[in-house]
Amino acid sequence: MNIFDTYAGALKDIITRLGEVGPFPKAIDLSNVTIEPPRDASHGDISTNIALVLTKQARMKPRDIADLVAAELGKIDGVDRGDVAGPGFINISLKANVIQSQVANILKADGQYGRSDVGNQEKVNVEYVSVNPTGPLHVGHCRGAIFGDALASLLDYTGYDVAREYYINDAGGQIDVLARSAYLRYAEALGQDIGEIPEGLYPGDYLIPVGKALADKYGEKWLDKMESEWILPIRKFATDAMMDMIRADLETLAIKHDVFFSELTLHDSGKIQVALDKLEAKGLLYTGVLEPPKGTKPDDWEMRPQTLFKSTDFGDDVDRAVQKSDGSWTYFAADVAYHYDKMERGFTSLIDVWGADHGGYVKRVESVIEALSDGKVSLDVRLCQMVKLLRDGTPVKMSKRSGSFITMRDIVDEVGKDVVRFIMLTRKNDASLDFDFARVTEQSKDNPVFYVQYAHARVHSVLRKAQAAFPALDMSKDSLAEARMSVFTDSSELSLIRNMMNWPRFVKSAALAREPHRIAYYLYELASEFHALWNKGNDNLDLRFIIEDDIEKTRARLALISAVRDIIASGLNILGVEPVTEM
RNA sequence: GCGCCCGUAGCUCAGCUGGAUAGAGCAACGGACUUCUAAUCCGUAGGCCACAGGUUCGAAUCCUGUCGGGCGCACCA
């Protein structure tokens, strides 16, 4: 329960009471009322627009309403006073002890301060990465992977029942290409001269060990055999090998998945047909001919009747094909079945994390979800924009042809997991992001990862020093929570506490908006407040955390910074960044 | 041609789903180290929130249009 909720309740009681005794109508819609900290700290601790919202319903001037409510607020326990300001805002100032005591609340929560139940244990499925198993993960995949992973953690932290999922695209034509490429390496491993890798096959060195493993397992069994004989077993073998590699890559970034879902199983089990039958039953499939697109017309365009899904019924631009010209299912058809399967497994909220280049695919999937669930299941597709790699300001050149693209592993090896994760979360997902190797490894406040980590490490540094100075001092959270919090009177201390009081609200809003980057920004600001307080101790010895001759004051200060530490650690954990205790 | 995303300080970006005088970092300038790690902090300066309308008590935020940038546009994945 955070403090804003507490006073929101009190405020509602006041409105109801005023409704019963006189001035206000009995039934009042409070849905647009906000109860939040004011932007400007001089406006008190809590600000509400309630008078402005009620002005129509109560048919009174905002300021008159505000005066009535403010007078009542002044009587509430813990409220110092309620002021009316501007057009009719009510600013509530809390008594100092209410603010101070929050430190104890944070410590007693034991790292769970900010955890909430807004998610109501709703079953939500977050799908991310979902890369073709045809090669190692490269930089482009990094961002979506980290975003999805952090978002899943954030939702888990806010009371959703989260499943993390990877959709393995192991059924398409590219897997045949993979199998042929692996077959070539297999022949090579058995001593054949394969020369240059032909255009259209995967040239990467990562397939060499796969070829060797194939040779070890099968010997010369597939040599000089027709492709139709070996393609299936080698597809399976190569796909498994690629997935092993991808899983290992993901592990270097601590990206977790609960389920790896194979597209192939949808084809093999007939689930695609089942899902399409559902659409058919709703009258949403038909055979038709698509118009060519208006702009640049494809050269090989030909009019042809196809089985189409009527996605235009749900706001899509054109209806979408579910069957290819050779009669096999389209990628979209499998995706229909996949999302249908998620619904069948009981998820009521689906989140897909894709690269921005798949933006044109969003509407048709949204359409399917709406059609199959009758609007009961929500789909939220989060698109991640590109990452521009830079080295000291100059773009890193990458060319697929020469094979000089940078892999996820390259990046992690160079700058470390924590840096990659944090930096990738310092932008909104739908804004492009610059990743400069020089800048992200810098040890200065220019580098947010470092800055936040440093604040956390600094707290631990003080705690170590304090224990040395006061060997008998009990520094457990329970003990610190009993400290004399009334020592916090300096504006920087109070400002720090107010900032921490905002943590639960931030987490909640970040979860509802599905924007984990807000956590990163919050942490940066909290770290900044902490560093500021630290430096005040340089000028004013009485503001230091450790006061040599005053164990009680020291105890309170340690309580304060332990609370900071708990929140930074919680936030970093959500982002998947390790809160280090020493640097 | 159509759809989606983005235009906020010189640069890179936040802005808590509509709140009060729009905020950080970098770069510029001026200050604070016999320290609980100055790996930090404090101060100054910098804005027609792309532009034009609309919605209302109130708009950077929502709606419409214009301009500028990114992505996508049968059967691939």
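Lettering of chains follows the sequences in order, A, B, ..., and the numbering in each one begins at 1. Heavy-atom basis, side chains included; hydrogens, waters and symmetry copies ignored.
In this structure, of B:C16, B:C42, B:A39, it is B:C16 that holds the atom nearest to the side chain of A:R505. Nearest to the side chain of A:Q385, among B:A77, B:G70, B:C36, sits B:G70.
In the interface, the side chain of A:D319 is not paired with the base of B:A74 through any donor and acceptor atom under 3.5 Å apart. Not a single donor-acceptor contact under 3.5 angstrom links the side-chain atoms of A:R544 to the base of B:C36. At a cut-off of 3.5 angstrom, counting only N and O atoms as typed in the model, there is a donor on one side and an acceptor on the other between the side-chain of A:N49 and the base of B:G19. A donor-acceptor contact under 3.5 Å is formed by the side chain of A:N535 with the base of B:U40.
Taking the ring centroids of A:H43 and A:F89, they lie at or beyond the 6.0 Å cut-off. Between A:Y524 and A:Y522, the ring centre distance reaches or exceeds 6.0 Å. Here the two rings, on A:H517 and A:F147, have centers that are 6.0 Å apart or farther.
Per the geometry, OH belonging to A:Y454 stands 6 Å off C1' belonging to B:U40, to the nearest Å. Computed from coordinates, the A:E515 CD to B:U61 P distance equals 17 Å when rounded to whole Å. Taking atom CH2 on A:W534 and atom C1' on B:C36, their separation rounds to 5 Å, with Å as the unit. As a whole-Å value, the separation of A:M386 CE from B:G69 P is 17 Å. Protein atom OH of A:Y451 is 15 Å distant from nucleotide atom C1' of B:U37, rounded to whole Å. For the pair A:L383 CG and B:G3 C1', the interatomic distance rounds to 13 Å; values are reported in whole Å. Between the CG atom of A:L526 and the P atom of B:C41 there is a distance of 13 Å, rounded to whole Å. Spacing between atom CD of A:E36 and atom P of B:G15 amounts to 15 Å, rounded to whole angstrom units.
Look at the P atom in both B:C57 and B:C5: the space between them is 28 Å, to the nearest Å. B:A28 and B:C73 have their P atoms separated by 44 Å, with the value rounded to a whole Å. Remark: the separation of the C1' atoms in B:G31 and B:C36 is 23 Å, to the nearest Å. The same atom, P, is picked in B:U8 and in B:C75; the two are 35 Å apart, to the nearest Å. With C1' as the reference atom, B:A24 and B:A45 are 16 Å apart, rounded to whole Å. B:G43 sits 14 Å from B:C26 when the P atoms are compared, rounded to a whole Å. For B:A27 and B:G46, the C1' atoms lie 12 Å apart once the distance is rounded to whole Å. Taking atom C1' in both B:G54 and B:G18, the straight-line distance is 15 Å, to the nearest Å.
In a base pair of the Watson-Crick type (N1 to N3 plus N6-O4 or O6-N4) or a G-U wobble (N1-O2 and O6-N3), with each distance short of 3.5 Å, B:C48 is matched with no nucleotide. Taking a pair to require two hydrogen-bonding distances under 3.5 Å in either a Watson-Crick or a G-U wobble arrangement, B:U56 remains unpaired. Using N1 to N3 plus N6-O4 or O6-N4 for Watson-Crick, or N1-O2 and O6-N3 for G-U wobble, each under 3.5 Å, B:C41 pairs with B:G31. Partner assigned to B:G7 is B:C67, using Watson-Crick or G-U wobble distances below 3.5 angstrom. Pairing of B:A14, defined by two Watson-Crick or G-U wobble distances under 3.5 Å, is not identified with any nucleotide.
Closest of all the heavy-atom pairs between A:L154 and A:P516 is CD2-CA, 4.0 Å.
Among the atoms of the strands shown, only primed sugar atoms or phosphate atoms (P, OP1, OP2) are found under 4.0 Å from some heavy atom of A:Y521. Across all strands, A:R518 comes closer than 4.0 Å only to sugar-phosphate atoms, never to a base (heavy-atom distances). Residue A:K508 is classed as having no contact, given no heavy-atom separation below 4.0 Å to the nucleic acid. Within 4.0 Å of A:K536, counting heavy atoms only, lies no atom of the nucleic acid at all.
Taking the six-membered ring where the residue is Trp, A:Y338 and A:Y167 present parallel rings, their angle staying beneath 30° rather than reaching 60°. Aromatic ring pairs are classed by plane angle as parallel below 30°, tilted from 30° to 60° and perpendicular above 60°; the pair A:Y157 and A:W503 is tilted. Ring geometry for A:H141 against A:H138 counts as tilted: the plane angle lies between 30° and 60°, on a 0 to 90° scale.
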